[in-house]
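Keep in mind that what you see is a predicted model, and the values were worked out from it rather than measured. Lettering follows sequence order; numbering is per chain, from 1.
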Amino acid sequence: MSNAPLILVDGSSYLYRAFHALPPLTNSKGLPTGAVKGVLNMLRSLRKSYPDSPLAVVFDAKGPTFRDEMFADYKAQRPPMPDDLRVQIEPLHACIHALGLPLLCVEGVEADDVIGTLARSSAAASRPVIISTGDKDMAQLVDGHITLVNTMTNTTLDVPGVAEKFGIGPELIIDYLALMGDKVDNIPGVPGVGEKTALGLLQGLGGGLDVIYANLEAVRTLDIRGAKKLPEKLAEHKDMAYLSYQLATIKTDVALDVELDALHPSDGDSAALLALYQDLEFKSWVDELQRAGVAATAKPATATHATPNQDDLFGSSDSPATAEEPAQPEISAAQYETILEPADWQRWLGKLQQAELITFDTETTSVDAMQAELVGLSFAVQAGEACYVPLAHSYMGAPQQLDRTQVLNDLRPLLEDPHKAKLAQNGKYDINVLARAGINVQGLAFDSMLESYVLNATATRHDMDSLALKYLGHSTIRFEDIAGKGAKQLTFDQIALEQAAPYAAEDADITLRLHQALHAQLQATPSLARVLSEIEMPLVPVLASIERNGALVDAKRLGEHSLELGQKLEALEREAFALAGEEFNLNSPKQLGEILFTKLGLPVISKTAKGQPSTAESVLAELAEQDYELPKVIMQQRTLAKLKSTYTDRLPEQINPHTGRIHTSYHQAVTATGRLSSSDPNLQNIPIRTAEGRRIRQAFVAPQGYRLLAADYSQIELRIMAHLAQDPGLLDAFRHDRDVHRATAAEVFGVTLDEVSTDQRRSAKAINFGLIYGMSAFGLAKQLGVERKEAQAYIDRYFERYPGVLAYMERTREQAASQGYVETLFGRRLYLPDINARNPALRKGAERTAINAPMQGTAADIMKKAMIAVHHWLPNSGFDARVILQVHDELVLEVREDQVEALRAPLCEVMANVAELAVPLVVEAGAGDNWDEAH
DNA sequence: AAGACAGCGTAC
DNA sequence: GACGTACGCTGTCTTA
């Protein structure tokens, strides 16, 4: 018999985790299925990792356990299991049975105890054990034979791992839990003893409860906060400590009528499994089983082929996936065509003309659409029916290919027809490539990347490989596999058709299949379908156009600035070396920390996540305040080094040699809230706050005969807050067009508007922004440099004066907790898997996001609507003007200089009128020869 | 040499 | 532990 490890799966722990961590998923009958899928996914991945291992999945049984008898309050605090979770247990157990996996539920004990018992007896028989769990209490079981693995986070814990993670070995974990207790499991612990104290005791005395109670006096001298009074506290609650010890101890001697040798997966019942999957609507697994030749006995799938429907752009998945649906053809390169002959091309052209929906994709020489040259095109007309049309492969021995101009001309009437629906994955890229090839693509109706993003922005990345794996269970051919990587990576034109064609055609095929799956899901939530069709899809050509317009920068000016910064940096560096008494790398936080805190002995203000002394700006500022010289120099050096490396050095390098301009990429499927992001280069974080930084902005210029016009929404997020909260005070302030920070200051500090001091206004501004971000009194105090009590008083006073805001925030939190997501005004959703997490840090983080996302996201929606509106208005307005940048609440346009004043008012009006809120939207616009002046 | 991560800093 | 959303730089460590 092999000595493959025994795998023990803590089913109950995973079920809870999957339920809380994953966005809710239901089948078409409304039955929740997300947790079942999550646990099964986890089991699949375990089986894949340990194909030859014996295995058991262990669940808690119903009813009380011995711990309830031991301690009346045991788990009394735990809320009852949510119904949506309870109803998933039975189907999950059924699936596990059908998979042929041994499943154990033992009454009177918990899953932990069963696992503990099996683990110890297996280890005693020298068979290694892997316990798959998300529960850290299990760390007490770890020894030389027993390892924990968390299959959701892919982390393992062995003996050194436990020591590293907890600071104590596995043998002290029970004592640790007994001392500090556990809120969730309602293990009482010793009152007043938390993580830090418990650890201090165990490490300080090198032993557990018995050692501690035998040496109580020694506790007094340990280096623990409050050590002086600790012995009394411990003595008083000795009983509690030992009771807790018993509660926290996982049993390892449960009487089980299970033979270890019996814990082997069997073949299971595939037919039953198929029926279950069909019922649960786990489509990709249904396909997988059917491909393997399984037929359901319970519910035979009727393979009626759907007749093509005139109105049906979406293939067979216009309705939710059901067992009645015919399985999709297998994803396989065998059926893809490579088009080299005019006759074949004509045949495909006919297919494209007939198709209700054309799926297309371009292959090029670069990931940068503004540098990319077209190499080929691929198309799909239905799942499995795809082709690749090579146009410019140029390796040695490449076959003769169709004429590029001819093919493009053949395609033009199709691609430029706004009524001919098209589908792509990240179509903005293809639109830009084709625009540069002289084709003005119109009628992009769907984009699988954006469909996935709108459905759930954060559950996954939205690149095609990730989506294919997630939604189709298919591993695509990776670009790396055919092009190689690193310095010797080929461009697409150098790749042999034998490899290029299957890759390219697969892209189109997968895009179509993804659309079929995702579109069906979107239809189930009309608000999301509208976000896609009314905001995201119309935005694609707008962004493409802004990117192609590009921004003009004065490279000479940046170059001069760079030289100047270089000289100043050298001087600052010399000064720093003199103060430090040695040379070091100022750009290395590690070396700087060594100098500041070890060599010079300056006080450590705060530490980084990894426990090193922080050298962040706020720390240096505080040290500078205490009149240390070196931190002052470092602060100046940091500021200038940042400007030089990120902006004055880098921006000129990013000027496109063909256009002489900088073309950023806007990403439409990245942020959690619906904002855009910008990269290569990021033009959404060009400095503005300091004079030195603004010199960078001054290098963004208008071409000869034009000026820049910058139009931004004034206080858009606070206006949205006023609207969402319907708070009378805040509504009033905006309706009277007051300076909102001044108005807030007047309320919070109890003065008239005229009496508000600069300082009071500054504080009010911090409060206003803090609110949008869900900031605490602690954070506000830090920001304002006041005592926490004082900050809390401001916040209390604010909520007193603006009760609607408080109520709104409570509402948002509750809504997030009950439905698992929050929404923008236009129905965009953000799922918050951590909103009910038991870990308070995670939960509170999710709560802050819940409060921020509707405001930030609604602002993003409004701006997107504005961009679409401006884009459609401008060409008909008679103005010579184009949008060149978007920075969240601001649009920057290049306008012919004699039209700037005439354009200003209608532009602001178009932007202000895209949404009707309970308060006016105000847009302010400024003009200048450069971006700084335009503010 | 390339990639991952940490620490930091820029924007809204 | 403590303020939301991004991108990208340099240094450092790991892996090939």
With no hydrogens and no angle check, just 3.5 Å: does a side-chain donor-acceptor pair link [X] and [Y]?
X: A:Q684; Y: A:Q886; result: yes
X: A:Q698; Y: A:D932; result: yes
X: A:H935; Y: A:R694; result: no

* Asked: A:F584 ring centre to A:K599 NZ or CZ under 6.0 Å, with the angle to the axis within 45°?
  -> no
* A:N587 (side chain) and C:dT10 (base): donor-acceptor pair under 3.5 Å -> no
* To do: Could you tell me whether the side chain of A:R675 has a donor or acceptor atom within less than 3.5 Å of a complementary atom in the base of B:dC12?
  =>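 Such a pair is found, so the answer is yes.
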Quick one: [X] [atom1] to [N] [atom2], roughly how many Å, whole number?
X: A:E787; N: C:dA2; atom1: CD; atom2: P; value: 20 Å
X: A:L842; N: C:dA2; atom1: CG; atom2: C1'; value: 14 Å
X: A:E692; N: B:dG9; atom1: CD; atom2: C1'; value: 15 Å
X: A:K610; N: C:dT12; atom1: NZ; atom2: C1'; value: 11 Å
X: A:N585; N: C:dC9; atom1: CG; atom2: P; value: 17 Å
X: A:D861; N: C:dT5; atom1: CG; atom2: P; value: 16 Å
X: A:R788; N: C:dA2; atom1: CZ; atom2: C1'; value: 8 Å
X: A:K607; N: B:dC8; atom1: NZ; atom2: P; value: 13 Å

OP1 or OP2 of [N] less than 4.0 angstrom from a side-chain nitrogen or oxygen of [X], does that happen here?
X: A:R650; N: C:dC9; result: yes
X: A:S677; N: C:dC7; result: yes
X: A:S614; N: B:dC8; result: yes
X: A:T608; N: B:dG7; result: yes

* Asked: Is the closest basic N to carboxylate O distance between A:E653 and A:R650 below 4.0 Å?
  -> yes
* Asked: In Å and rounded to the nearest 0.5 Å, what is the CE to CE distance from A:M863 to A:M867?
  -> 7.0 Å
Looking at the side chain of [X], which of [options] is the nearest nucleotide?
X: A:T849; options: B:dA11, B:dC8, C:dT5; value: C:dT5
X: A:Q856; options: C:dT12, C:dT5, B:dT10; value: C:dT5
X: A:Y647; options: C:dA2, B:dC12, B:dT10; value: B:dT10
X: A:R848; options: C:dC9, C:dG4, B:dC12; value: C:dG4
X: A:H888; options: C:dT12, C:dT10, B:dC12; value: B:dC12
X: A:S679; options: C:dT5, B:dA11, C:dG8; value: C:dG8
X: A:V670; options: C:dG1, C:dG8, C:dA6; value: C:dA6
X: A:T615; options: B:dC8, B:dC12, C:dG4; value: B:dC8
X: A:K642; options: B:dG9, C:dT5, B:dC8; value: B:dG9

* A:Y773 or A:Q591, whichever maps to the more 5' nucleotide of DNA chain C ->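 Whichever sits nearer the 5' end wins; that is A:Y773.
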* Pairwise C1' distance, C:dA2 and B:dC5 [rounded to whole Å] -> 24 Å
